[in-house]
There are 2 protein chains.
Amino acid sequence: MKSTGLLVDCGAPPTGDSHTDCHKVIMPVRDALDVISGKWKLPIIIAVSRGHNRFRDIERSIPKITSKVLSKELKDLETHKLIRRTVYDTQPVQVEYTLTPYAATLESVIVALQQWGLQHRKKILGK
Amino acid sequence: MKSTGLLVDCGAPPTGDSHTDCHKVIMPVRDALDVISGKWKLPIIIAVSRGHNRFRDIERSIPKITSKVLSKELKDLETHKLIRRTVYDTQPVQVEYTLTPYAATLESVIVALQQWGLQHRKKILGK
DNA sequence: GTAACCAGTTTCCAAAAGGTAAGTGCTTTA
DNA sequence: TAAAGCACTTACCTTTTGGAAACTGGTTAC
């Protein structure tokens, strides 16, 4: 999903619509998806929140991610103020990724997705 | 996000990892994202749940969606047993899209995303 | 002194997602 | 009888996403 700005342009709601509450749900959901959808963003946030704070550590903790993709996604997450990148002036330099307090607000989203994903897997495997 | 099967192959978790609980979160989240991520799936589910049941009606209720994309996404959602397509044997044929009971289980995910999206928009617009 | 680790970047490419525009076959409305 | 609506499909194209592999420039461990 392309992010032209920081929020989604949903256009004007159709006029004369008897279901305008529909847009009151769709618009915020699209704003949220714009930030967190895609294959890697939430997995990265989860990994960092679980104590994987170094680049190679995050990379190893997320199956099949490549360094190129990780590098790009970390930059996106920084732009959205969800992850902070700290460089320590050591020899050699150490780089640490941490969640911002703002990222903690995603907890309920992650929990909802985790629980739905768990029951979905059970359903598909034919519990 | 490509869906080769119905569930994500996350590979084996790294061995000797002190943060294995990380995978217990990442895997179900990726299973869930595999079904619902992308720009249109949740907006379509929301629209249908709000009483937009005909093709053109859904199309009009979601800003900027095109009939090509809507057609494709509806098929995906049918495959995932989230939407049911019913054809009425009238002249001309009427087609109705409804949510399956299973789709109702996504309610908590939608609510979590809606609320996060709402506060995110407020934050970005500099409340 | 060479192999390995760190934190990435670069290049090249394929696949997936999404947009534009037009068209199809049917029916209903003005 | 022409215009418009319904439920789509098709062809073509651009953008986005993702993957493989090599490489950089440093440091540390053996």
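In what follows, chains carry the letters A, B, and so on, assigned in the order in which the sequence lines appear, proteins first and then strands, with residues in each chain numbered from 1. Just so you know, these numbers come straight off a predicted model, no measurement behind them.
For C/dG8, the OP1/OP2 oxygens have a side-chain nitrogen or oxygen of A/Tyr97 closer than 4.0 Å. An OP1 or OP2 oxygen of D/dT16 is reached within less than 4.0 angstrom by no side-chain nitrogen or oxygen of B/Lys39. The phosphate of D/dC6 has neither OP1 nor OP2 within less than 4.0 Å of any side-chain N or O from B/Arg54. For B/Trp40, a side-chain nitrogen or oxygen approaches OP1 or OP2 of C/dG19 to under 4.0 Å. Note on A/Ser71: a side-chain N or O is less than 4.0 Å away from OP1 or OP2 of C/dT9.
Distance CZ (B/Arg30) to C1' (D/dT17): 13 Å, rounded to an integer number of Å. As rounded to whole Å, 13 Å separates atom P of C/dC6 from atom CD1 of A/Ile58. Atom CD of B/Gln94 and atom P of C/dT28 are 10 Å apart (whole Å). We find that CD of B/Glu96 is positioned 12 Å from P of D/dC8, with the value rounded to whole Å. At whole-Å resolution of the value, CD in A/Glu59 and P in C/dA7 are 10 Å apart. Between the C1' atom of C/dC6 and the NE2 atom of A/His52 lies a distance of 17 Å, rounded to the nearest Å. Here the P atom of nucleotide C/dA16 and the NZ atom of B/Lys41 are 13 Å apart, to the nearest Å. A/Leu70 has its CG atom 16 Å from the P atom of D/dT17, to the nearest Å.
Comparing B/Lys75 and A/Lys72 by the nucleotide of DNA chain D whose heavy atom lies nearest to each, the residue mapping closer to the 5' end is B/Lys75. Two residues, B/Arg56 and B/Ile65, neighbour DNA chain C, and the one matched to the more 5' nucleotide by heavy-atom proximity is B/Ile65.
Not counting sequence neighbours, the partners of A/Arg85 by the side chain to side chain donor-acceptor pair (under 3.5 Å) test are A/Tyr97. For B/Glu96, the side chain to side chain donor-acceptor pair (under 3.5 Å) test picks out B/Tyr88, with sequence neighbours left out. For A/Arg54, there are no salt bridge (charged side-chain N to carboxylate O under 4.0 Å, His left out) partners at least two apart in sequence or on another chain.
Distance alone, capped at 3.5 Å, places no donor-acceptor pair between the B/Ser37 side chain and the A/Ser37 backbone. Of the possible donor and acceptor atoms, one in the side chain of A/His23 sits under 3.5 Å from a partner among the backbone N and O of B/Ser61.
Within the structure, the salt bridge (Lys or Arg N to Asp or Glu O under 4.0 Å) test picks out the following pairs touching residues 71-80 of chain B (sequence neighbours left out): B/Lys41-B/Glu73, B/Lys41-B/Asp76, B/Lys72-B/Asp76.
The side chain of B/Arg60 has D/dC6 as its nearest neighbour among D/dT17, C/dA7, D/dC6.
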5' to 3', nucleotides 20-30 of chain D under a 4.0 Å protein heavy-atom cut-off (B base, S sugar-phosphate only, - none) gives B------SS--
Can you give each donor-acceptor pair under 3.5 Å made by side-chain atoms of residues 104-114 of chain A, sequence neighbours left out, with the distance rounded to 0.1 Å?
from, atom 1, to, atom 2, distance (Å)
A/Thr105, OG1, A/Tyr102, O, 2.5
A/Thr105, OG1, B/Trp116, NE1, 2.8

